[in-house]
Every structure is written in structure tokens, then in C-alpha cells.
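Following: one structure in C-alpha cells, then a few remarks.
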Amino acid sequence: MKTEIYIGTILLERNRWTRDKKPTCLVSEWIPRFKEAGFDGMELWENHAALASSTELKALEESSFPVSVFNSYATFDDAGQAARKQAARLTSLLKARAVKFNLGNNVNDKDLYIESALKWKQQLPPGTRLLCECHAGTIMEDPKVAQEIFAVWEDEAFQAIIHPFTTDLKALREWFTCLGPRITHAHVQLRDTSGTMQRLERQPEAVKNALRLMKEEGFSGSFTLEFTEGTRAPSESMEQLFTSAVADLRFLREHWT
């Protein structure tokens with residue numbers, strides 16, 4: 001069975017980390033190039049839909065290129081209720097098969113986060129996969145805490161996202177020890193020792209070692225190219241980023257066998 005590899009539209013967006021996070025590109029205009037490059041779908045950054053014009057949103061809704069994952073940044077405290085409702089609406093409108101989310105960083109609010117996510121699931125279309133990103137700066141950055149939370153989330157619709165190329169092999173192994181088959185998606189980014197984003201081909205052995213470990217642990221999920229070489233560079237451009245993303249796609253296709 002072919003492994004699905006998606007392009008994250010956040011990869012192209014230079015305003016991804018600005019205060020207003022206002023989109024600077026129309027994803028619908030990039031879809032023909034996503035298809036031509038061989039991506040299987042996209043992980044759509046929420047503001048590429050939430051802040052889109054009605055014309056752009058309609059184009060995304062009617063496109064034959066799938067929104068495989070809707071990338072939500074709704075919070076799971078009480079203040080995030082409206083954002084979670086909007087994310088559920090857009091997930092349904094765009095027929096996304098999965099929605100990515102992040103918990104907060106306050107361990108004292110763990111029970112609130114858990115309960116809010118369970119309630120949110122009831123707002124999402126039936127069959128939607130809820131992909132919790134095990135992200136630094138959240139309570140899910142600790143594999144053992146993540147294990148405790150997934151034990152409460154008994155419903156297998158709750159699944160995990162890991163970052164296999166920004167951690168060492170020992171830590172990567174621990175993620176699989178703690179979460180096992182609940183890990184169904186991986187965010188792809190690679191950095192050098194200074195934190196600069198790189199193409200996968202710049203560190204081929206490190207990437208291949210991580211892929212081998214994932215295979216050994218039975219990973220059979222999907223990948224999103226989240227960031228790539230050129231991200232945050234002074235000369236960052238969408239064309240440069242897309243070229244690097246296509247190179248990463250080819251590397252994964254060749255070595256994930």
C-alpha cells in the first residue's frame with residue numbers, strides 16, 4: 001500500500017509566525033503544482049481557509065485535491081471554544097479526513113484539555129481522525145505524559161503526530177514504546193546544529209536511520225512536509241521552498257520502502 005505524503009501549506013506561508021498570521025498566498029493556485037509534483041494531498045494551515053475570501057474557500061471546497069489534514073491551532077482551554085467550533089465547521093466543509101491539534105503547556109490543565117478534546121470530537125464529522133501533535137512547548141512533549149493522556153482517550157480516533165527527524169534515535173524509540181500504533185502521522189522537518197532548516201538529502205544517513213527505526217516499530221502512517229530548507233531564511237521565497245519540498249518528497253519516496 002502506498003504511503004501518503006502531503007504538503008503542508010504552512011511550508012509556503014511566510015506569515016506563518018507573524019502576529020496576525022494573515023495569508024499571503026492562495027492555496028487554490030498552487031494545487032495544480034502540488035498534483036504535478038506527486039503529493040497525495042495537503043495539510044491545510046487553518047488561516048488558508050479561516051481567513052480566505054469566499055471565492056478562495058469555495059475553490060478549496062470544490063477542488064479534487066484532498067485536504068487530507070486540517071491544521072487547527074484552536075486551544076483547549078475555555079477560551080478556545082469558538083475556535084474549536086470553527087475548526088470543526090471547516091473540517092466538515094473541506095471534507096478533511098483528519099484534523100491536527102495541539103494541547104496547551106499547563107500541566108495543571110491536563111484534565112481540562114482531555115475533556116475539551118473529547119467534547120470537540122462530538123462536533124467533528126463521524127470518522128474524522130484527531131491527530132494530536134506531540135509538540136515541544138506543550139504537555140505532549142513528554143512521551144510518558146502523552147501515554148497517560150492517550151490511555152484516557154480510549155477512542156482510536158485519537159492519534160499522534162511525531163517529528164522523527166528532529167529527535168535522536170533513543171528518544172524516537174521511546175515515542176513508539178509509549179504510544180505504539182497510536183502514532184499514525186509524522187511531520188517532516190530537518191535542522192542542522194544551529195537550527196537552520198535543511199533538505200532531507202543534507203543528512204541522508206540520519207534520516208534513513210530514523211526511517212528504518214520507524215519501519216522496525218511498525219509505523220504505517222502518513223507524512224506531511226511541514227518545513228524545509230529556506231524556511232526563515234532572509235531570502236525566503238515560495239518558489240525556493242517548493243523546490244526544496246519537492247526534493248524532500250522525492251527523498252522520502254526513494255527511502256521509505
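What's counted below: heavy atoms across the whole structure, side chains too, no hydrogens, waters or symmetry copies.
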Output a table of donor-acceptor pairs, distance under 3.5 Å, between side-chain atoms of residues 79-91 and any protein atom two or more places apart or on a different chain; print 'none' if there are none.
from  : atom 1 : to    : atom 2 : distance (Å)
Arg84 : NH1    : Thr75 : O      : 2.6
Arg84 : NH1    : Asp77 : O      : 2.9
Thr91 : OG1    : Ala87 : O      : 2.7

Close side-chain approach of [X] and [Y], heavy atoms under 4.5 Å:
X	Y	answer
Met42	Leu60	yes
Leu44	Val27	yes
Asp111	Tyr113	no
Gln198	Arg191	no
Lys208	Glu205	yes

Inset, instruction - Verify the neighbour count for atom CZ of Arg14: are there more than 12 heavy atoms of other residues, nucleotides or ligands below 6.0 Å? - result: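 Open: at most 12 neighbouring heavy atoms sit under 6.0 Å from CZ of Arg14.
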
Legend entry - Chi angles and distances behind the side-chain contact (heavy atoms from CB on, under 4.5 Å) call for Gln189, Thr166: CA-CA 7 Å; Gln189 56 169 287; Thr166 56; 3.8 Å; yes

Inset, instruction - Would you tell me whether Thr224 and Glu43 have side-chain atoms, one donor and one acceptor, within less than 3.5 Å of each other? - result: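 The criterion, which ignores hydrogens and geometry beyond distance, is satisfied for Glu43 and Thr224.
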
Would a distance-only check, ignoring hydrogens and angles, find a side-chain to backbone donor-acceptor pair under 3.5 Å from [X] to [Y]?
X	Y	value
Ser63	Ala59	no
Thr167	Pro164	no
Thr128	Leu124	no
Asp109	Leu112	no
Arg199	Ala245	no
Asp192	Gly195	yes

Closest approach of [X] and [Y], non-hydrogen atoms and distance?
X	Y	value
Trp30	Leu26	CD1-O, 3.5 Å
Trp175	Glu141	CZ2-O, 3.5 Å
Leu241	Thr231	CD2-N, 3.4 Å
Pro23	His48	CB-CD2, 3.7 Å
Ile162	Leu172	CD1-CD1, 3.7 Å
Lys121	Ala157	CE-CB, 3.7 Å

Separation of [Y] [atom2] from [X] [atom1] (nearest 0.5 Å):
X	Y	atom1	atom2	result
Asn15	Leu12	CG	CG	12.5 Å
Ile31	Phe65	CD1	CZ	7.0 Å
Phe76	Ile139	CZ	CD1	11.0 Å
Gln159	Leu179	CD	CG	11.5 Å
Cys134	Ile149	SG	CD1	9.0 Å

Is it true that [X] and [Y] have a side-chain N and a carboxylate O under 4.0 angstrom from each other?
X	Y	answer
Lys119	Asp78	no
Glu236	Arg16	yes
Arg33	Glu239	yes
Arg97	Glu4	yes
Glu148	Lys144	no
Arg129	Glu156	no
Glu46	Lys21	no

Inset, instruction - Just do the side-chain hydrogen bond (donor to acceptor under 3.5 Å, both in side chains) check on Thr9 and Trp45 with the steps written out, would you? - result: CA-CA 6 Å; Thr9 64; Trp45 183 56; over 6 Å; no

Legend entry - salt bridge (Lys or Arg N to Asp or Glu O under 4.0 Å) assessment of Glu174 paired with Lys170: CA-CA 6 Å; Glu174 185 178 10; Lys170 181 179 178 181; over 6 Å; no

Would a single hydrophobic cluster contain both [Y] and [X], if residues Ile, Leu, Val, Met, Phe, Trp and Tyr are joined by side-chain heavy-atom contacts under 4.5 Å?
X	Y	value
Leu190	Phe219	yes
Phe70	Leu225	yes
Ile10	Val67	no
Leu252	Phe227	no
Val207	Ile183	yes

Inset, instruction - Mind checking side chain to side chain contact (heavy atoms under 4.5 Å, CB included) for Glu133 and listing every partner two or more places apart, or none if nothing turns up? - result: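 Glu133 satisfies side chain to side chain contact (heavy atoms under 4.5 Å, CB included) with Lys100, Asn102, His135, Ile161, His163, His187, Glu226 only.
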
Inset, instruction - Please state whether the rings of Phe242 and Phe34 are parallel, tilted or perpendicular, taking 30° and 60° as the class boundaries. - result: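 Because their plane-to-plane angle lies in the 30° to 60° range, the rings of Phe242 and Phe34 count as tilted.
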
Inset, instruction - If the plane angle is over 60° it's perpendicular, under 30° parallel, otherwise tilted; pick one for Phe150 and Trp153. - result: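 Ring orientation of Phe150 relative to Trp153: perpendicular.
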
Legend entry - Residues Asp248, Thr228; criterion side-chain hydrogen bond (donor to acceptor under 3.5 Å, both in side chains); working and verdict: CA-CA 8 Å; Asp248 287 344; Thr228 190; 2.7 Å; yes

Inset, instruction - Carefully, step by step, assess Thr196 and Ser194 under the rule side-chain hydrogen bond (donor to acceptor under 3.5 Å, both in side chains). - result: CA-CA 6 Å; Thr196 301; Ser194 70; 3.1 Å; yes

Inset, instruction - Assess whether side-chain contact (heavy atoms from CB on, under 4.5 Å) is satisfied between Met140 and Cys132, documenting all intermediate values. - result: CA-CA 8 Å; Met140 299 298 275; Cys132 185; 3.7 Å; yes

Inset, instruction - Assert yes or no for the condition that the ring centre distance of Tyr73 to Trp17 is strictly below 6.0 Å. - result: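 Not close enough - the centres of the two rings lie 6.0 Å or further apart.
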
Inset, instruction - Verify the ring-centre separation between Phe223 and Tyr6: is it less than 6.0 angstrom? - result: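 No; Phe223 has its ring centre 6.0 Å or more from that of Tyr6.
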
Legend entry - Stepwise salt bridge (Lys or Arg N to Asp or Glu O under 4.0 Å) check, Arg250 with Glu201: CA-CA 10 Å; Arg250 291 172 178 163; Glu201 64 193 27; over 6 Å; no

Legend entry - Working for side-chain hydrogen bond (donor to acceptor under 3.5 Å, both in side chains), residues Ser28 and Lys58: CA-CA 9 Å; Ser28 63; Lys58 189 70 172 176; over 6 Å; no

Inset, instruction - Given side-chain contact (heavy atoms from CB on, under 4.5 Å), test Leu131 with Phe158 step by step and report yes or no. - result: CA-CA 6 Å; Leu131 303 179; Phe158 285 96; over 6 Å; no

Legend entry - Steps toward side-chain contact (heavy atoms from CB on, under 4.5 Å) verdict (Arg212, Leu169): CA-CA 10 Å; Arg212 277 193 289 268; Leu169 293 181; over 6 Å; no

